[in-house]
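Proteins get letters first, then strands, A, B, ... in listed order; numbering begins at 1 in each.
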Protein chains: 4
Amino acid sequence: MDKKQRIIDAAIQLYLKNGIEKTTISHIVKEAGIAQGTFYLYFPTKLAVMPAIAEQMVATVHEKLMQIDRNATIREKMLNCINILFSNTNTYQELTKLIYTGFTQTEEVKQWEKIYSPLYAWVFEVIEEAQSNDEVDGKLDAKVVARIIIGAIESTAEQIYLFDDSPITQVEHVKDNLLRFILNGLN
Amino acid sequence: MDKKQRIIDAAIQLYLKNGIEKTTISHIVKEAGIAQGTFYLYFPTKLAVMPAIAEQMVATVHEKLMQIDRNATIREKMLNCINILFSNTNTYQELTKLIYTGFTQTEEVKQWEKIYSPLYAWVFEVIEEAQSNDEVDGKLDAKVVARIIIGAIESTAEQIYLFDDSPITQVEHVKDNLLRFILNGLN
Amino acid sequence: MDKKQRIIDAAIQLYLKNGIEKTTISHIVKEAGIAQGTFYLYFPTKLAVMPAIAEQMVATVHEKLMQIDRNATIREKMLNCINILFSNTNTYQELTKLIYTGFTQTEEVKQWEKIYSPLYAWVFEVIEEAQSNDEVDGKLDAKVVARIIIGAIESTAEQIYLFDDSPITQVEHVKDNLLRFILNGLN
Amino acid sequence: MDKKQRIIDAAIQLYLKNGIEKTTISHIVKEAGIAQGTFYLYFPTKLAVMPAIAEQMVATVHEKLMQIDRNATIREKMLNCINILFSNTNTYQELTKLIYTGFTQTEEVKQWEKIYSPLYAWVFEVIEEAQSNDEVDGKLDAKVVARIIIGAIESTAEQIYLFDDSPITQVEHVKDNLLRFILNGLN
DNA sequence: GATGAATGAGATTTCATTCAT
DNA sequence: CATGAATGAAATCTCATTCAT
């Protein structure tokens, strides 16, 4: 019923399956079951759909993060965070990368900060709280480190899922090292 | 004079300026100053140029890494590495991401490992050597952590240079945190 | 308030600014501040607005012609007529031509005669009266010459205002020649 | 063989038959027997073909004018000129008007002067020569009057052929009046 | 009467690819 | 090897028109 949402859903499907390059507006409208011209009522180009897609994906991840027990240890929180982001990268395959690319190409880069901020904020709060308990190196700038950690997790997940073809068991080994490295990093 | 190299140079210029999506073979040949048909003597598609571009970029970074004093402390080595990768990201803007995207779209993903491996290898050796001196947590898998570190540095640099518009002074602050986090992480 | 008039006004604005070809019904309704469907309550196509536009323009010119003193000499009348038509062409720029084009394209050509007839009639009466006073060559068919004169004035004005970029002073020189030529022609 | 010429010829055919508004680039390439993309190698839009069409039409008229005996009387020259322009307007139906419209819409108005100038030049020379023989009012500016005459002839022809539905015999009557009026005008 | 979201046929436009030179 | 005009399939984009509200 909501044409805009149907466009977004169709775009996600097709970007995931075929990549942005090979996806056309014609494909999107066909998948969405709407008329050709209707697309242009909501988006000027196929890349202009990206911010909407990104918002949706980040919202999904954020929701999962919010379900983590606030009283858990920082180790448990980070472990959960790693699992959620890895799972997300795995599910959405190249979507994360495509969102980056889509953004930078549409020059709507400024929106990125805003859209991604809930994730940064969650890690930031975890770190800050842990710093107040002396569980984490107080000299680190929690805001900056939150971004570093999110980046490290995502880039590692991407290396695993997009560029590697190691067996699944390997994944756990990488996660162990990543968790250890991050906890070390926070001290 | 060397047509192939001129195609690569032109492609880099245009991918950086307009993104892969909007760059066409027609643009590339025009920028390269060669005939339309000549492109096909060297590359089958515009995405097939990506591996050549990636190789060139990685070679540049690797060369700089090799100039770092082998006897420096791990702190100095990591500091240098951060500076080199940040500078590279800044210079090449979105090229790193585009290389990822380009690769995943051409299904030549396997080449990525091979091309990027000199960078991983350099960090790997630094860590391993430090582990043998007990400077670094021996329980970490040096091969895995090398990738985590490269990923963390690159993603942080991207956040800074692509998605942020903070003043330059901010960059140093982020680098400080990143270095501290990584050194913590290794120990 | 009167939707029909708002459509006509908007159409004039846009036809003048962008030409008929590039003006769309969507543009017109937007300019008129009415809904898309409302246009069709008053006109079947965008060209069907032309007769209404023409009528309005001719009425304006005719009104000015009627204000000329009936007892003036034929020289004064022709001078006034030239000034009015020049001023009209200047104001409405290409509208005259567009009206022609619009008409011929809609096959509503027959209306043209009817709409333009007040202008022809005015000149016709001036000539006929002058012929009865022996001020004008009695062998000329007043009806035909009226059209020739209107045509000559308009085409000259168009050449000046649409296709020339001479300074204003030039205009007076052309008008002098035109008046002299017409008065010669009549006698 | 010459694709550009084939585009021009096809465009003339179709503009004459259906008007500019209803003619599409698709029609033109089909009529010209060339590929869709080929059109864009030569013209950016369908209106950009107009100057080329105008040039061709003016060249045809000019050629006929040049065949008029240089030693003929001014009456004979003007009579011939009227016949040629009437015949041209009759043959090309609305093309003259369409050229105007096409021009003004493409903002290539400046070219008009240049393209039309051979016709003006011909009349100019006729008048000037006649002025030197005292056959024509020496106070008239030959350059200006040349344009007035061309304009008067064309607009009268257009009124006849485009907007009137009088029987053919009428045409001769109008021509008589036009010639008489012009000769009077020149004195 | 008035609205304006939706339509989809059909227009414009692009661009990878070919091939005779 | 190199060229670049030509191609035409396929993309984007437009816009007159409809119709449920």
DNA chain E: 5'-proximal contact among A/A35 and D/T24 (nearest heavy atom):
A/A35
Sugar-phosphate, base or nothing in reach of C/T38, heavy atoms under 4.0 Å
base
Value in whole Å for how far the C1' atom of F/dC13 lies from CD1 of A/I28
14 Å
Inspect the surroundings of CD in C/E63 and state if more than 12 heavy atoms from other residues, nucleotides or ligands are less than 6.0 Å away.
no
Should C/K46 be listed as having a side-chain N or O under 4.0 Å from OP1 or OP2 of F/dC15?
no
Report the residue (D/G33 or B/G33) whose heavy-atom-nearest nucleotide on DNA chain F is the more 5′ of the two.
B/G33
Would you kindly give the CD-to-P distance between B/Q36 and E/dA20, to the nearest whole Å?
17 Å
Between B/Q5 and B/D9, do the side chains contain a donor N or O and an acceptor N or O under 3.5 Å apart?
yes
For the pair made of CZ in C/F39 and C1' in F/dT18, what is the distance, rounded to whole Å?
15 Å
Does a side-chain heavy-atom distance below 4.5 Å link A/Y15 with A/I28?
yes
For D/K22 and F/dT14, what is the distance between atoms NZ and P respectively, to the nearest whole Å?
23 Å
Please list every stem that involves DNA chain E, where a stem is a run of 3 or more consecutive Watson-Crick or G-U wobble pairs with both pairing distances under 3.5 Å.
E:2-21 with F:2-21
Are C/S26 and C/Q36 linked by a side-chain donor-acceptor pair shorter than 3.5 Å?
yes
Salt bridge (charged side-chain N to carboxylate O under 4.0 Å, His left out): pairs with one or both residues in residues 35-50 of chain D, sequence neighbours excluded:
C/E21-D/K46
Residues 30-45 of chain A vs salt bridge (charged side-chain N to carboxylate O under 4.0 Å, His left out), sequence neighbours excluded, gives none
Looking for any heavy atom pair under 4.0 Å, which part of the strands does C/Y40 touch: base, sugar-phosphate only, or nothing?
base
Of A/H27 and B/G37, the one whose nearest nucleotide on DNA chain F sits closer to the 5' end is B/G37
Go nucleotide by nucleotide along DNA chain E from the 5' end; which of A/Y42 and D/S26 gets its closest nucleotide reached first?
A/Y42
Over how many whole Å does the gap from C/I34 atom CD1 to E/dG4 atom C1' extend?
12 Å
Side-chain atoms of B/K3 come closest, of F/dC13, E/dA2, F/dT3, to F/dT3
Starting at atom CZ of D/F43, determine the distance to atom C1' of E/dT12, rounded to an integer number of angstrom.
17 Å
Indicate the atoms forming the closest heavy-atom contact of B/L14 with B/T23, along with that distance.
O-OG1, 3.3 Å
note: C/E21, atom CD; E/dA11, atom P; distance rounded to Å ~ 12 Å
Grab the CZ-P distance between A/R6 and E/dA6 for me, whole Å please.
10 Å
How is A/L41 classified with respect to the nucleic acid when contacts are heavy atoms under 4.0 Å: base, sugar-phosphate, or nothing?
base
